[in-house]
Amino acid sequence: MTDSAPWVNPLRNAADKRLPRIAGPAGMVIFGVTGDLAFKKLLPAIYDLASRGLLPAGFTLVGYGRRDWDTADFCDYFRSAVEAGARTRFNHDVWEHLSQGIEFVQGSFDDEGFDRLSARLAELDKARGTGGNWAYYLSVPPEFFSNICHQLERVGMANSAEGSWRRFIIEKPFGHDQESARELNEIVNAVFPESAVFRIDHYLGKETVQNIMALRFANQIFEPMWNAHYIDHVQITMAEDIGLGGRAGYYDGIGAARDVIQNHLLQLLALVAMEEPSSFAPEALRAEKVKVLRATQPVYPLSKTTARGQYTAGWQGSEYVKGLREEDGFDPASTTETYAACTLKVNSRRWGGVPFYLRTGKRLGRRVTEIALVFKAAPNQPFVDGEADALGQNAVVIRVQPDEGVTMRFGSKVPGSTMEVRDVNMDFTYAEAFTEESPEAYERLILDALLDESSLFPTNEEVELSWSILDPIIDYWHKNGAPEDYQAGTWGPPSADKMMRRQGHSWRRP
Ligand code: BG6
């Protein structure tokens, strides 16, 4: 490497803020690199960043794991992950360049492997110009966090020399309740200051989720209606059609509420309900989210405002799929829920009296994540004789995935000589409006972590507050029997519909 500033692309106009910034000299160590997440998401995302020219020339990726591999084995594995999962087309030159910076260091999470790792990183700093800047990505179950933190500290890898940095990137679950999250945060923060900790919630890396902020704060038309005067209730849905095949080890004992509501759905709620931040700088944005989470509580009694279920065998489209109890590795007596729904309220002037319904589930009718703001009826309807009977409630629906976009639903006159009003949709879809493809969530988040851009990463406080909202619900469930069955391919257990009916509403069929 001869260039003194190899990460600067001379073809870019540095003043053009629309171009993504390129990471400065850095390397990354992935712990748990042989796991599913690394194969499906992290390694392809790193390749995609390289192919978009957003990584520094000397970028170095070190895989650390127990497998008896050398660097050539790891390179083959990396390449198959890229071929299977990268968003951008495989390009031989990009790969050649990237693969020069790929390394594998063998070791476990509690042995002298860390001494070897530390020595190797020092060599790589010299050879590849990584400048002592290392991000440690923990793609491992949380029970290993403590050992890894201690080992990194022991061998001096947690501290950086003046002018360089060390960052700690972690994946959920961040504990299983508020207390365990606090303990985990203490372990991590004892070694890495909070400013160096990047907690991944991959939903925040999704284009449509970031669009919530653009929609709300770049426009004038939505914000005046974005409150309890106009909004009747909010529905946040994350439905999946997949089951748990192969993930029993992680999921059994965790369940849908901990897996998805505690993180993804509460983050969506925070972005929808927060006040306008003074800027999108990390402190400003996170402060607004914290205020909302602090004001959010379950609606009681939980027997009437929550629901949970477990999928049984059924037709998922044209395929007949197994029930949870038949899935490999799942204890048939397990009471882990695969569907969870709850009703929350946000105690603020803006949202007083507006229920926020959150639901998520596996093996539901189809894969869809959306946020629907459902409006109150117009105060007066000057229609007669059923002219407006087919009119539902107006809604703004933010479709997070698939078919990313925003829909406004409102009433319109049916063509003809009579006055009849019916619901219609006005649609914006990313695919039609833009030619650019959205980057994958992990591309955005990995790049942000390398750039020290922490806006899209939840803080320890957000994580603990989210648990405090959910803990009473999970406690209640554990004391009150088993989840109700629902058939694969349906929209969840009957109690989920009852929960809505009791509150005078019904779930949207997305
Ligand atoms: C993960 C959950 O966080 O999100 C999984 O642990 C879930 O259970 C996944 O399947 C869904 O992510 P996406 O991006 O496909 O909606």
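Atoms within each ligand, like the ligands themselves, are counted from 1 in listed order. Note that these values count all heavy atoms, side chains included, but never hydrogens, waters or copies made by symmetry.
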Looking only at distance, does H264 have an N or O less than 3.5 Å from an N or O of ligand 1?
yes

Would E240 count as a polar contact of ligand 1, with the cut-off being nitrogen or oxygen pairs under 3.5 Å?
yes

Do the two ring centres, one from [X] and one from [Y], sit under 6.0 Å apart?
X: Y77; Y: F39; answer: yes
X: F174; Y: W467; answer: no
X: Y137; Y: F31; answer: no

Is the backbone of E443 close enough, under 3.5 Å, to the side chain of D48 for a donor and an acceptor to pair up by distance?
no

For atom 5 (C) of ligand 1, the closest protein heavy atom turns out to be R247 NH1, 3.3 Å

Nearest to atom 12 (O) of ligand 1, what protein heavy atom do you find, and at what distance?
H202 NE2, 3.1 Å

Aromatic plane relationship, F78 with F74 - under 30° parallel, 30 to 60° tilted, over 60° perpendicular:
tilted

Any idea which atoms of ligand 1 are less than 4.0 Å away from a heavy-atom of [X]?
X: D259; result: 2 (C), 5 (C), 6 (O), 8 (O)
X: K206; result: 13 (P), 14 (O), 16 (O)
X: K362; result: 5 (C), 7 (C), 8 (O), 10 (O)
X: R367; result: 15 (O)
X: M238; result: 11 (C)
X: Q401; result: 13 (P), 16 (O)

Per the side-chain hydrogen bond (donor to acceptor under 3.5 Å, both in side chains) rule, what does the pair list look like for residues 488-501, sequence neighbours excluded?
E484-S495

If you measure from each heavy atom of Y203 to ligand 1, is any distance below 4.0 Å?
yes

The side chain to side chain donor-acceptor pair (under 3.5 Å) partner of Y311 among K322, E327, R325 is E327

Which residue pairs satisfy the ring-ring contact (aromatic ring centres under 6.0 Å, His included) criterion with at least one member in residues 439-458, sequence neighbours excluded?
F198-F457, H202-Y442

